[in-house]
Protein chains: 4
Amino acid sequence: MPAARPGRPRSESSRLSILVATGELLVEQGYDRLTLVDIAARAGVGKQTLYRWWPSKASLVADCVLENVVRFEPVVVAPESSALAAIRTWLDASRALLAQPDQAALFRGLSAAASSDESARGKLAERFTEPLIGGIDRALQSGIASGEIRVDVATEPLAELLIGAMMFTLMRGEPVGADWADGILTVITRGIAAAPAS
Amino acid sequence: MPAARPGRPRSESSRLSILVATGELLVEQGYDRLTLVDIAARAGVGKQTLYRWWPSKASLVADCVLENVVRFEPVVVAPESSALAAIRTWLDASRALLAQPDQAALFRGLSAAASSDESARGKLAERFTEPLIGGIDRALQSGIASGEIRVDVATEPLAELLIGAMMFTLMRGEPVGADWADGILTVITRGIAAAPAS
Amino acid sequence: MPAARPGRPRSESSRLSILVATGELLVEQGYDRLTLVDIAARAGVGKQTLYRWWPSKASLVADCVLENVVRFEPVVVAPESSALAAIRTWLDASRALLAQPDQAALFRGLSAAASSDESARGKLAERFTEPLIGGIDRALQSGIASGEIRVDVATEPLAELLIGAMMFTLMRGEPVGADWADGILTVITRGIAAAPAS
Amino acid sequence: MPAARPGRPRSESSRLSILVATGELLVEQGYDRLTLVDIAARAGVGKQTLYRWWPSKASLVADCVLENVVRFEPVVVAPESSALAAIRTWLDASRALLAQPDQAALFRGLSAAASSDESARGKLAERFTEPLIGGIDRALQSGIASGEIRVDVATEPLAELLIGAMMFTLMRGEPVGADWADGILTVITRGIAAAPAS
DNA sequence: GTGTAATCGAGACGGTACGTCCAGTCTTACA
DNA sequence: TGTAAGACTGGACGTACCGTCTCGATTACAC
């Protein structure tokens with residue numbers, strides 16, 4: 001039992017309206033034009049309430065994007081019948097996410113927060129990167145077990161390639177077509193060498 | 001002949017000291033703590049001189065990193081005998097670059113500038129991404145011609161995977177071992193599928 | 001009888017500790033640096049308890065200084081044998097009061113409270129200025145009756161001069177010697193004109 | 001010669017509009033409700049320009065009231081034919097000043113600034129109190145020389161009484177009639193004792 | 001005893017102002 | 001004209017208080 005602290009309890013409605021306002025302004029103006037004053041004003045909240053619960057803009061943005069606004073659950077490799085199909089599913093879902101301007105803007109904001117703040121980097125790793133790597137790893141293991149995946153494939157480099165491709169695409173900002181996942185998946189699946197190494 | 005304009009000519013020494021000061025401060029303090037006043041002070045230069053030649057902080061940082069301070073030339077796929085060796089050379093050079101804290105900091109600054117400024121994004125594309133993609137393309141073509149590379153490999157997805165992996169590694173901030181390039185290259189070369197598709 | 005209301009009665013100990021804490025902090029930090037949060041903290045009291053009983057900082061300070069902490073009672077013209085001696089007694093007592101740094105600080109706080117708040121001004125008038133003027137008036141009347149004081153002396157200007165001299169001295173902040181009362185009293189008693197007007 | 005410093009010189013128009021805005025807002029809202037943000041906004045000036053030249057609100061108010069807005073010059077004892085007439089002139093001028101709500105408000109602001117700030121206290125002393133005491137002293141000396149004033153009258157107590165009476169009247173806030181100066185002057189001139197001490 | 005009602009300490013709330021910092025522009029004198 | 005210096009407007013930052021508002025816990029009196 002959390003042994004109810006004395007004093008007025010934290011307002012859940014304020015917390016929510018702050019996260020919503022942050023998400024809206026992040027989409028409208030981007031990370032660097034985002035102001036805590038604006039967030040507080042739109043959320044109908046005192047500035048101090050922001051600083052009481054979040055140490056920095058980056059931390060607030062990370063919480064906003066990771067916890068409450070974007071839904072990343074689908075972006076996880078599900079243990080499906082085929083490991084390659086699981087990866088393709090994730091690539092398609094990522095493309096669909098990035099194709100929505102709002103979601104892309106939020107993700108870009110998260111990326112900017114992570115690159116300028118240690119705690120945001122930690123949250124990004126904990127709630128996005130690591131689960132994703134875990135999912136990739138499970139998919140690989142099941143694929144290896146079923147004979148679909150080469151036995152000597154390492155998780156780490158594959159994850160770096162996949163997540164990196166997604167982030168690079170996001171950062172480029174240019175829209176990608178439906179064949180984006182195809183191209184990635186083809187390289188990943190078959191490699192580029194003409195003859196398989198013995 | 002450039003028809004010498006009237007008035008005092010632009011001071012080359014000021015231009016250089018500005019770029020040097022920008023690079024130093026970028027390494028010391030990171031992109032967001034970098035201020036133009038500090039740059040001007042360290043360069044022994046008036047603030048106006050900055051604004052006369054660069055429209056914004058992001059643009060100055062982009063110029064500094066791309067033109068004058070970091071040497072990116074080795075980070076280009078050279079037309080060597082083997083296309084795969086060329087890619088491995090680039091991967092190793094990238095790892096060596098990121099392993100130097102100063103160079104990594106500069107690159108991170110460039111990345112931050114690009115994500116918040118259109119013109120910096122343009123410079124990054126023009127002077128880094130596009131040449132790199134061009135180099136990869138040339139390497140692939142020569143590899144295809146020599147029978148080393150599968151004939152149906154597309155440049156774009158491969159470039160996204162390679163550059164993405166490099167940027168993701170940079171963003172993670174964790175040091176990578178000498179086997180980083182090995183893992184990447186293995187996946188890229190042979191793919192992950194157990195049996196090559198016919 | 002006030003027909004005791006239901007509910008928990010007001011805590012006398014809280015009231016006292018608030019007044020004591022206010023006085024201490026007023027002496028230590030001065031009126032403008034005085035904060036209600038600090039008072040509440042030092043008094044071991046909730047902030048609401050302050051606002052329940054006092055409408056404002058100024059009002060609290062006025063009550064603190066006038067009612068409970070400083071003792072102004074001696075600073076009243078006593079009906080002694082000589083009116084001039086009574087005034088001298090008051091002047092000496094005032095000087096002694098102002099010579100104590102704590103008491104001077106409290107009085108300065110009261111003055112600041114009065115100049116920024118209507119109710120504090122009222123309390124100052126009711127509990128300090130008016131009784132003092134009344135005492136001066138009684139002293140004058142008895143002096144006139146005994147032939148000691150000129151019959152046509154008005155109370156009001158004399159009070160303004162005496163209280164004003166005291167407040168001005170307080171505001172100057174410079175310590176005054178034992179002859180301060182002498183100088184004042186000499187002017188007040190004999191005037192400055194060389195020959196008395198007929 | 002002050003050896004013109006490099007850089008853009010201080011803007012005289014900003015300085016003036018700041019002082020004017022301060023005076024207006026002081027009259028309209030009083031010292032405690034006066035905000036530096038409001039001053040800057042009304043003066044059409046950046047907040048930093050205030051902080052660049054004045055260390056605090058109190059200092060700005062003191063400068064505003066003493067230097068540029070209220071005219072205190074007439075409130076000085078002029079070396080006239082009669083010392084008593086000079087004092088009466090000053091008393092009347094003071095009454096007239098306090099009778100103007102704007103001027104009274106400014107003076108109250110100055111008083112509040114002085115009571116909460118060391119530097120404002122210094123300015124008040126240097127530019128108001130000391131000149132005034134000097135004027136009173138000169139008047140007394142000339143009166144003594146002409147036989148109008150008793151030879152043993154001290155300047156200090158008289159100045160304390162006069163300035164104190166004025167400040168006390170200001171602080172009381174109640175309007176004073178034309179006979180205010182009469183009452184003060186009568187006490188000051190003839191004293192209150194029935195028979196002059198030998 | 002058991003309500004009932006006002007108190008208490010605690011502390012979060014919406015706000016306002018603070019004093020600092022920086023961006024980007026401007027105005028000097030000098031080169 | 002270019003330059004170093006530095007003042008300018010404007011506005012975000014993070015902090016400090018104000019005065020209000022919940023909480024759970026605590027007293028008293030009335031029943």
Side-chain angles (χ1 to χ4, degrees), chain A residues 3-11 13-15 32-41 43-53 55-57, chain B residues 4-11 13-14 32-38 40-41 43-57, chain C residues 3-11 13-14 32-38 40-41 43-57, chain D residues 3-11 13-15 32-38 40-41 43-53 55-57:
Chain A
R5 291 182 311 164
R8 180 176 177 172
R10 177 172 183 181
S11 160
S13 71
S14 287
R15 197 186 131 264
D32 359 352
R33 303 210 176 164
L34 189 66
T35 334
L36 292 184
V37 189
D38 287 351
I39 295 176
V45 142
K47 228 195 322 181
Q48 191 62 241
T49 303
L50 296 180
Y51 288 104
R52 203 186 328 268
W53 301 111
S56 66
K57 182 168 87 167
Chain B
R5 292 178 305 169
R8 182 172 177 176
R10 177 173 182 180
S11 159
S13 72
S14 287
D32 4 351
R33 301 208 176 167
L34 188 66
T35 72
L36 293 183
V37 189
D38 287 352
V45 140
K47 229 191 332 174
Q48 193 58 245
T49 305
L50 296 179
Y51 286 103
R52 206 186 315 277
W53 303 110
W54 289 276
S56 65
K57 181 169 88 166
Chain C
R5 292 178 306 166
R8 181 175 178 173
R10 177 172 184 180
S11 158
S13 72
S14 287
D32 8 354
R33 301 208 176 166
L34 188 66
T35 72
L36 293 183
V37 189
D38 287 350
V45 141
K47 226 184 347 165
Q48 191 60 246
T49 305
L50 295 179
Y51 286 103
R52 208 189 315 275
W53 303 111
W54 288 276
S56 66
K57 182 169 89 166
Chain D
R5 291 183 310 165
R8 180 175 178 173
R10 177 172 183 181
S11 159
S13 70
S14 287
R15 196 186 131 264
D32 345 358
R33 301 208 176 168
L34 188 66
T35 348
L36 292 184
V37 189
D38 288 351
V45 142
K47 225 192 328 178
Q48 190 64 43
T49 303
L50 296 180
Y51 288 103
R52 197 178 342 259
W53 301 111
S56 65
K57 183 168 87 166

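Proteins come first, then strands; the chains are lettered A, B, ... in the order of their sequence lines, and each starts at number 1. Model, not experiment: these values are computed from the prediction.
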Quick one: on DNA chain E, does A/Gly7 or A/Ala40 contact a more 5' nucleotide (nearest heavy atom)?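 Taking each residue's closest nucleotide, the earlier one in sequence belongs to A/Gly7.
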Presence of [X] side-chain N/O under 4.0 Å of [N] phosphate oxygens OP1/OP2:
| X | N | result |
| --- | --- | --- |
| D/Ser14 | F/dT9 | yes |
| C/Trp53 | E/dC8 | yes |
| A/Arg5 | E/dA10 | no |

Taking five pairs at each end, how big is the angle between the two axes of the helix from E/dG1-F/dC31 to E/dA31-F/dT1, to 10°?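 It comes to 10° between the two terminal axes.
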For C/Pro9 and D/Arg10, find the nucleotide of DNA chain F closest to each by heavy atoms; which residue's nucleotide sits nearer the 5' end?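 The residue closer to the strand's 5' end, by nearest nucleotide, is D/Arg10.
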A/Arg15 to A/Trp53 six-membered ring, cation-pi geometry met (6.0 Å, 45°): no
A/Arg33, CZ atom: more than 12 neighbouring heavy atoms under 6.0 Å: no
Rounded to the nearest angstrom, tell me the gap between atom [atom1] in [X] and atom [atom2] in [N].
| X | N | atom1 | atom2 | value |
| --- | --- | --- | --- | --- |
| B/Leu50 | E/dT25 | CG | C1' | 13 Å |
| A/Asp32 | F/dC13 | CG | P | 12 Å |
| B/Arg33 | F/dG14 | CZ | P | 11 Å |
| D/Arg52 | E/dC21 | CZ | C1' | 12 Å |

I'd like to know if the side chain of A/Thr35 and the backbone of A/Asp38 have a donor-acceptor N/O pair within less than 3.5 Å.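 It does not hold such a pair.
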Contact list (N/O, under 3.5 angstrom) for nucleotides 18-20 of chain F vs protein:
unit_1	atom_1	unit_2	atom_2	d
F/dC18	OP2	C/Leu36	N	3.0
F/dG19	OP2	C/Tyr51	OH	3.3
F/dG19	N7	C/Lys47	NZ	3.1
F/dG19	O6	C/Lys47	NZ	2.6

Using side-chain contact (heavy atoms from CB on, under 4.5 Å) as the criterion, list what pairs up with D/Arg52, not counting sequence neighbours. D/Gln48, D/Thr49
Which value, rounded to the nearest 0.5 Å, describes the distance between C/Lys57 atom NZ and C/Leu36 atom CG?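 Answer for the NZ-CG pair, C/Lys57 versus C/Leu36, is 7.0 Å.
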Looking at A/Ser14 and A/Ser11, what are the two nearest heavy atoms and their distance?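 Nearest pair, atom of A/Ser14 first, then A/Ser11: N-OG, 3.0 Å.
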Report which part of the nucleic acid D/Thr49 touches: base, sugar-phosphate, or nothing (heavy-atom distance under 4.0 Å, all strands). base
From the candidates F/dG6, E/dT7, E/dA10, the one with an atom nearest any side-chain atom of A/Pro6 is E/dA10
